[in-house]
Amino acid sequence: MTLKWLAVVVATVSVTLCITGNAVTLTLNGGQLPLLVNLFALATAGTAIVLAVVAELHDRLNDRLTALTEFLVERLREIEAHTGDRNSGFVEGYLLSHGQEAAVVPFGRRGRGAAER
């Protein structure tokens with residue numbers, strides 16, 4: 001049982017016991033349960049309700065982070081696939097157009113300018 005549902009059960013049982021105890025005491029003795037018992041039951045129920053809300057918010061946040069992570073991973077895969085295809089096609093096209101025996105042509109000497117003339 002998850003924390004959220006356990007907290008809901010504890011809150012429900014606590015409120016039910018408080019109401020039932022007060023009803024039984026009222027019918028038998030004409031009074032009510034001691035104040036300390038009522039306060040303890042209400043504090044337990046309040047704490048359990050807050051814990052249930054926090055657990056639900058944590059589950060929602062976890063689901064959103066999981067969805068965002070999956071979206072980002074898929075987007076990065078899509079970008080990588082697109083970029084990889086374009087680059088590999090460029091390299092393969094270059095190699096096919098120049099052949100395997102493509103000569104390396106060095107650049108001309110640097111420094112030719114007005115000073116050497």
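All values below come from the heavy atoms of this structure, side chains included, with hydrogens, waters and symmetry mates left out.
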message = More than 12 heavy atoms of other residues, nucleotides or ligands under 6.0 Å from CG of Leu36: yes or no?
response = no

query = Considering all heavy atoms of both residues, which atom of Ser14 and which atom of Thr44 are nearest to each other, and what is their separation?
reply = OG-CB, 3.8 Å

key: Taking every non-hydrogen atom, the tightest pair across Gln32 and Asn22   = CB-OD1, 4.0 Å

key: Distance-minimising heavy-atom pair for Leu3 and Leu51   = CD1-CD2, 3.9 Å

inquiry  = Tell me whether Glu78 is salt-bridged to Arg75, with the criterion being a basic N under 4.0 Å from an acidic carboxylate O.
reply    = yes

request  = For residues Phe40 and Val37, determine if any side-chain heavy atom of one lies less than 4.5 Å from a side-chain heavy atom of the other.
outcome  = no

inquiry  = Rounded at 0.5 Å granularity, tell me how far CG in Leu42 sits from OG1 in Thr47.
reply    = 10.5 Å

Nearest-0.5 Å distance, CG of residue Leu61 to CD of residue Glu56 = 11.5 Å

Nearest-0.5 Å distance, CG of residue Asp63 to NE2 of residue His58 = 10.0 Å

query = What heavy-atom pair brings Ala45 and Ala11 nearest, and what distance separates the two atoms?
reply = O-CB, 3.8 Å

Identified side-chain contact (heavy atoms from CB on, under 4.5 Å) partner of Thr12 from the options Thr16, Val9, Val15, Val10 = Thr16

ask   = Where is the tightest heavy-atom contact between Leu33 and Cys18, given as atom of each residue plus distance?
value = CD1-O, 4.4 Å

